[in-house]
*Asks:* 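Dropping the structure in here first, questions after.
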Amino acid sequence: MRQPGRYSGFMMCGGISGRTGPHSLPLARIKKIMKKSGEDVKMISGEAPIVFSKACELFIEELTRRSWMTTLEGKRRTLHKDDVASAVMGTDIFDFLVSLVSDSCHSEDITPEEKEALGGS
């Protein structure tokens with residue numbers, strides 16, 4: 001049986017259900033990404049991008065926390081791309097990102113959108 005996790009109460013405690021103001025991530029962009037995910041995705045409710053927005057925020061927060069721990073271990077105060085790569089490589093739940101951050105991943109294999117998301121040129 002699944003155990004409640006760190007973020008299990010966010011929907012009941014005013015997380016996304018009580019959220020009416022501006023969102024941290026652009027909902028139109030999230031909806032566009034959702035529609036590009038497959039031919040079968042045609043209609044998306046208004047609430048679905050809000051849930052995805054919150055999920056993305058939680059994902060970014062968790063990856064940042066783990067990356068920051070690597071930064072502190074290196075006795076630095078600036079988080080670098082290598083810190084994110086170390087966090088990804090050292091955490092099983094981020095295995096789907098290993099090819100994105102590994103040294104064997106060549107820059108020509110990355111799409112322009114992925115380069116922009118990574119802050120590259």
Side-chain angles (χ1 to χ4, degrees):
M1 185 155 112
R2 188 170 186 264
Q3 298 295 315
R6 178 183 205 170
Y7 305 109
S8 61
F10 81 93
M11 291 199 54
M12 282 78 66
C13 300
I16 60 169
S17 60
R19 203 167 170 180
T20 57
H23 300 277
S24 297
L25 300 172
L27 298 179
R29 179 70 178 129
I30 291 171
K31 194 168 185 176
K32 184 177 179 180
I33 293 168
M34 291 171 71
K35 285 185 176 182
K36 285 182 9 181
S37 68
E39 295 174 4
D40 298 337
V41 180
K42 296 192 185 336
M43 299 293 287
I44 298 170
S45 74
E47 296 88 8
I50 296 170
V51 174
F52 272 83
S53 174
K54 186 63 180 179
C56 290
E57 287 177 31
L58 296 173
F59 170 76
I60 292 167
E61 287 174 10
E62 185 64 27
L63 184 55
T64 302
R65 276 190 204 97
R66 291 173 188 262
S67 301
W68 184 248
M69 289 190 306
T70 304
T71 302
L72 294 177
E73 287 171 7
K75 296 184 169 96
R76 290 178 283 106
R77 295 178 47 85
T78 303
L79 193 143
H80 296 284
K81 180 177 107 175
D82 293 338
D83 299 322
V84 178
S86 294
V88 167
M89 301 295 260
T91 309
D92 291 343
I93 60 171
F94 297 139
D95 280 350
F96 67 99
L97 295 172
V98 168
S99 63
L100 183 66
V101 299
S102 69
D103 292 334
S104 62
C105 183
H106 302 290
S107 61
E108 59 268 7
D109 295 337
I110 299 174
T111 66
E113 291 83 13
E114 290 170 332
K115 283 183 183 178
E116 182 179 322
L118 292 172
S121 51

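Residue numbers start at 1 and run along the sequence shown.
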*Asks:* Just by distance, do the side chain of K42 and the backbone of E39 share a donor-acceptor pair under 3.5 Å?
*Replies:*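 Yes, because the side chain of K42 sits within donor-acceptor range (under 3.5 Å) of the backbone of E39.
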
*Asks:* Distance from S67 atom OG to L72 atom CG, nearest 0.5 Å?
*Replies:*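 Reported value, rounded in 0.5 Å steps: 11.0 Å.
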
*Asks:* Are T71 and R77 side-chain neighbours, meaning at least one heavy-atom pair lies under 4.5 Å?
*Replies:*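 The answer is no; the side chains never approach within 4.5 Å.
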
*Asks:* Measuring only between side-chain heavy atoms, which start at C-beta, is E62 closer than 4.5 Å to T91?
*Replies:*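 The answer is no, as the side chains (C-beta and beyond) never meet within the 4.5 Å cut-off.
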
*Asks:* So if you build clusters from Ile, Leu, Val, Met, Phe, Trp, Tyr with side-chain heavy-atom gaps below 4.5 Å, do I60 and F96 land together?
*Replies:*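 Yes; tracing contacts between hydrophobic side chains, which count when under 4.5 Å, links both residues.
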
*Asks:* So do V88 and L63 actually touch side chain to side chain, heavy atoms under 4.5 Å?
*Replies:*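 The answer is yes; the side chains approach within 4.5 Å.
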
*Asks:* Measure the CG-CZ distance between D82 and R76 for me, rounded to the nearest 0.5 Å.
*Replies:*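 Output value for this atom pair is 7.5 Å.
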
*Asks:* Under the rule for side chain to side chain donor-acceptor pair (under 3.5 Å), what residues qualify as partners of T70, not counting sequence neighbours?
*Replies:*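 Testing T70 for side chain to side chain donor-acceptor pair (under 3.5 Å), a comparison that skips the adjacent residues, returns none.
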
*Asks:* Tell me the ring pair (Phe, Tyr, Trp, His ring centres under 6.0 Å) pairs involving residues 43-85, sequence neighbours left out?
*Replies:*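 Residue pairs passing ring pair (Phe, Tyr, Trp, His ring centres under 6.0 Å), neighbours aside: F59-F94.
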
*Asks:* Determine whether I93 and M69 fall in the same hydrophobic cluster, where Ile, Leu, Val, Met, Phe, Trp and Tyr are linked whenever their side-chain heavy atoms lie under 4.5 Å apart.
*Replies:*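 No, because I93 and M69 fall into different hydrophobic clusters, even though each may have its own neighbours under 4.5 Å.
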
*Asks:* Could you tell me which residues satisfy side chain to side chain contact (heavy atoms under 4.5 Å, CB included) with I44, sequence neighbours excluded, listed by chain and number?
*Replies:*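 Side chain to side chain contact (heavy atoms under 4.5 Å, CB included) list for I44, sorted by chain: K31, M34, K35, V41, A48, P49.
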
